[in-house]
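Accompanying notes for the structure given below.
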Amino acid sequence: MSEQQPLLPSAATTTPATTSSLRKRRIITVVAPLVLVAATVFVVLFGERRPKEPLALANYYLKTSPVIDGHIDLPILARSLVGNDINKLDLRSRAPGHVDIPRIREGQLGGFFWSVYTDCHAEQDGPDFLNPSYHVRDTLEQIDVALNLIDKYDDTFRFVKTADEAVAAIKAGRVASFLGIEGAHQLGNSLAVLRQYYTLGVRYATLTHSCNNAFADSGGFITPVNETWGGLSTFGQDLIKEMNRLGMLIDLSHVSDKTAEQAIELSRAPVMWSHSAARGLNNISRNVPDELLSKIGQGRKQLDGVVMVNFYPAFASKTPAEVDVAYIADEIEYIAGKTGRAHVGIGSDYDGIESVPKGLEDVSKYPHLFAELIRRGWSKHDLAGLAGGNIIRVLRGAEEVAHKLRKRAPSMAKYSKRHDLDPRPLP
Ligand SMILES: *[C@@H]1O[C@H](CO)[C@@H](O)[C@H](O)[C@H]1NC(C)=O
Ligand SMILES: *[C@@H]1O[C@H](CO)[C@@H](O)[C@H](O)[C@H]1NC(C)=O
């Protein structure tokens, strides 16, 4: 074992002190530089070297509190561009669309929900109501693509299923990768499929996409679609209960106002909007109305929730060409004004939108949005919540509810399939 080298020569190696005053002087001359060096080392290693300039400060904050985006459509891009053949998709160099590894690193994206999505069908008596089993196949293919991309680039991504796993992945420098399905039409009218998606790692389900399904009414797109159920069907009520029991987040983006109200009323767990804009800024049915926003963040546990803000200019504004970083910051502030800052997040919809705001062209640009909010006085704490803290809290809330429900009532929902919706019911 070698002796640790002193920072400075010790008093013992120099001429021995002869008088007490000399000794004091020596102590001062030896100790003072030691203290100075130690203090300097401490400041260099642990001191806050907070940049002043907003973009530099945003990047500094995002290093420890990176963005966890609620909705990125990379898997559907892989399907439409390369027919799910991920050998043909190189994420290490500039990829088509809004997402690749260099831009993820530049934007300090710490995690995201990989949307595993299939198209829905609008006809009310069409295949989405009648055993849409091909949705299950297509969803499994989207899950397969997502998991294989995560695996192909496992030095960048890490597949995660819990809030704790996400935090650990981020600490390890990986991009925490959750899965989410975008419409209950993807369940093939079976809660057994929901449970198996959960087993595969799916951690949110949007109740509808742009069409009604067997569980719930959609909010449509620009204008509402005609109601089928007046919100949730009875099967939809069972879906909510089963999602609570599993710990799968209920996503209210895309749903009708009645569906959202009823789901909030029924759910025992916090809810999310994975990628939504505010109707108060653009009166289209796809956006969240003020009345719903002001129900969130009211303190009752089941009204915890997070509205993750969509970047699509056509949702954000009647005049999409005006949408830029400042506009999206306005949108976040508008929503936070109704819900509180602890209930907003980022749900860009990258790779799923045809146009993007000026200055938020792809995943490399998140820091610019955070810089804009810094200029508007948002604190480090508020920004950490917006970036990822709020969605992690909401997920933890759903995990806790599931834990309690499974302890108390371990049985699953009373039936798992709507046989009357299935032309070929089980024997
Ligand atoms: C919606 O309902 C209205 C009034 O009943 C009807 O005229 C219209 O055709 C319906 N639209 C669709 C898409 O079914
Ligand atoms: C918003 O649009 C709906 C039609 O979709 C209309 O009924 C409503 O009056 C509009 N609200 C405002 C505030 O303009």
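The figures that follow rest on heavy atoms only: side chains count, while hydrogens, waters and symmetry mates do not. Just follow the structure's listing: the first ligand is 1, and inside any ligand the first atom is 1.
In this structure, atom 4 (C) of ligand 2 has no protein heavy-atom contact shorter than 4.0 Å. Using a 4.0 Å threshold on non-hydrogen atoms, atom 14 (O) of ligand 2 counts as touching the protein.
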Going through the distances and angles, do Asp362 and Ser364 end up as a side chain to side chain donor-acceptor pair (under 3.5 Å)? CA-CA 5 Å; Asp362 55 45; Ser364 72; 2.5 Å; yes

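When atom types are taken as modelled, the side chain of Asp349 and the backbone of Asn310 share no donor-acceptor pair closer than 3.5 angstrom.
Contact of the Leu187 side chain with the His135 side chain is not registered, since no non-hydrogen atoms from C-beta on lie closer than 4.5 Å.
Closest heavy-atom approach to atom 1 (C) of ligand 2 among the candidates Thr223, Asn283, Ile284: Asn283.
For Arg92 and Asp155, the salt-bridge test passes: some basic side-chain N is under 4.0 Å from an acidic carboxylate O.
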